[in-house]
Amino acid sequence: MSDLTPLQKTLLDWFEENRRDLPWRKRYDPYEVWISEVILQQTQMDRGVQYIERFLERFPTMESLAEADEEEVLKLWEGLGYYARARNLLLAARQMVAEHGGAFPEDVQTARALPGVGRYTAGAVLSQAYNQEEPIVDANVERVLSRLFDVDAPIKSSQAQSFLWETARSLIPKGRAREFNQAIMEFGNLICGKKPSCMLCPLTEQCEAHYLGIVDHRPVPAERRPAVPVEVASGVLVHKGYIFIQKRPEDGVWPGLWEFPGGNVEKGETPAECVVREFMEELEWDVETAEKIAIIRHGYTTFKVTLLAFLLRFKDEHEGWPEPVLHAATEGQWVSFAELDKYTFPAGHRKLIDMIARDMRYAWFV
DNA sequence: TTCCGGTCTC
DNA sequence: GAGACCGGAA
């Protein structure tokens, strides 16, 4: 019956030998495949697997997720980044329970109408869970195909992308989409990685880029522009041993996460002046800086952020708890240091909390 | 310090 | 078609 091409056969055989045990490969349950794919969208496999296991343990079914609290979903997501994924996951689960009987749709159009489900995720779930002959092109597949077929256009260009999707579709052996799509992705992960192991590769004879000696130049990356440096100041306002935090708006950066108020340091002001100004603008509170706590650096693709954190106190005496007038948040809270654990913070602010916890100078309110 | 990655929005 | 969204590994 073997009407497989050599390329298909090699990849399928290789996968049979080298298939890793991963959470969604136990059952290929559509819900579990979907959760896994969304978590792995921007996450290294080793870290992602732990998040997948934790997530599926807490929310084992579509129904359990649909009933979940957004705060709890975000808390499980803390540290993964791209928090819109978590929010879309919850929205999509609710939509599937309401409109699709709690099941992941079996056709591409319906699947792609779900929030957070694009071309890749739709193909990944439909092929792996339902064995449908839908292609997937992720970064692994991009590497494998751009090398095998020497794709010289920039990998994200529409020219390259349409070639990749068409090719990925044409390569799927009849009735074996589940195996084949996993095979090519696993292969792109373990053999044809960023640093390819051509010595171990069973496909070198069919690999155009290998023949030309340009494997390291495929795929052709998009040009990137240099990261813009940004200076940010945030304040940890302590009043009667409690700390003020606020919940970010539903859109923009870190949607729905909690933070210490602050903002960009403008030209001509010091970070300390900035944080005082920000507290006035965002909360209408008159504060002063008590001391500088820490400098935290974190890099992004488009920005490199230097976060300067200050310990703050109110300028005037306050008997009770002053009410903030929220201008940059949907909620505000006074919490004890221990209670910070229950809230979801961006990684930089979580780092700041850890630094405070370890620093003896702050033992009086920690 | 540089690099990586799906989806959504504009 | 370009840029925003995030964090950690290399």
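Lettering follows sequence order; numbering is per chain, from 1. Keep in mind that what you see is a predicted model, and the values were worked out from it rather than measured.
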Mind calculating the distance between CD (A:Glu78) and C1' (C:dG7) to the nearest angstrom? 12 Å

NA contact type, A:Arg85, heavy-atom cut-off 4.0 Å: base, sugar-phosphate, or nothing? nothing

Using a distance-only test with no angle check, is there a side-chain donor-acceptor pair under 3.5 angstrom linking A:Ser170 and A:Thr167? no

Would A:Arg119 and A:Trp165 count as a cation-pi pair here, with the cationic atom under 6.0 angstrom from the ring centre and within 45° of the axis? yes

When we call it a touch if two heavy atoms are under 4.0 Å apart, what does A:Pro115 touch: a base, just sugar-phosphate, or nothing? sugar-phosphate

Determine, using ring centers only, whether A:Phe345 and A:Trp254 are less than 6.0 Å apart. no

On DNA chain B, nearest-nucleotide positions of A:Leu114 versus A:Gln41: which is more 5'? A:Gln41

The criterion is side chain to side chain donor-acceptor pair (under 3.5 Å); which residues satisfy it with A:Ser36, sequence neighbours excluded? none

Report yes if at least one side-chain N or O of A:Thr43 is closer than 4.0 Å to OP1 or OP2 of C:dG7; otherwise report no. no

Tell whether A:Tyr82 reaches the base of B:dG5 with its side chain through a donor-acceptor pair below 3.5 angstrom. yes

Heavy atoms only, 4.0 Å cut-off, all strands: where does A:Ser158 land among base, sugar-phosphate and nothing? sugar-phosphate

Answer yes or no: does a side-chain N or O of A:Tyr120 lie under 4.0 Å from OP1 or OP2 of B:dG5? no

Indicate, with yes or no, if the rings of A:His239 and A:Phe244 have centres closer together than 6.0 Å. no

Indicate the ring-plane relationship of A:Phe260 and A:His349, choosing parallel, tilted or perpendicular according to the 30° and 60° boundaries. parallel

Nucleotide B:dG5, atom P - distance to CE of A:Met45 in whole Å: 13 Å

Heavy atoms under 4.0 Å, any strand shown: does A:Val38 hit a base, just sugar-phosphate, or nothing? nothing

Base, sugar-phosphate or nothing for A:Asp138? Non-hydrogen atoms, less than 4.0 Å. sugar-phosphate

Let me check something: any side-chain donor-acceptor pairs from residues 190-218 of chain A under 3.5 Å, sequence neighbours excluded? List them with distances.
| from | atom 1 | to | atom 2 | distance (Å) |
| --- | --- | --- | --- | --- |
| A:Arg218 | NE | A:Asp150 | OD1 | 2.6 |
| A:Arg218 | NE | A:Val151 | O | 3.2 |
| A:Arg218 | NH2 | A:Asp150 | OD1 | 3.1 |

Atom-pair distance (NZ on A:Lys156; P on B:dC8), nearest Å: 15 Å

Does any N or O donor sit under 3.5 Å from an N or O acceptor when you compare the side chain of A:Gln42 with the base of B:dG6? yes

Let me know the distance between CD of A:Gln44 and P of B:dG5, rounded to the nearest Å. 9 Å

Taking the nucleotide of DNA chain C with the closest heavy atom to each, which residue, A:Lys351 or A:Ser157, is nearer the 5' end? A:Ser157

Numerically ordered, the residues 179-199 of chain A set in heavy-atom contact under 4.0 Å with DNA chain B is A:Lys194

With DNA chain B as reference, determine whether A:Val117 or A:Asn140 sits nearer its 5' end, using the nearest nucleotide of each. A:Asn140

In whole Å, I'd like the distance from the OH atom of A:Tyr83 to the P atom of C:dG8. 8 Å

Report the nucleotide, chosen from C:dC5, B:dT7, C:dG7, that has the shortest atom-to-atom distance to any side-chain atom of A:Trp254. C:dG7

Counting only heavy atoms from other residues, nucleotides and ligands, does the tally under 6.0 Å from OH of A:Tyr242 exceed 12? no

Can you find a side chain N or O atom of A:Arg143 that sits less than 4.0 Å from OP1 or OP2 on B:dG5? yes

5′-ward residue of the pair A:Gly81/A:Gln159 relative to DNA chain C: A:Gln159

Quickly work out the A:Leu89 CG to B:dC8 P distance and round it to whole Å. 12 Å

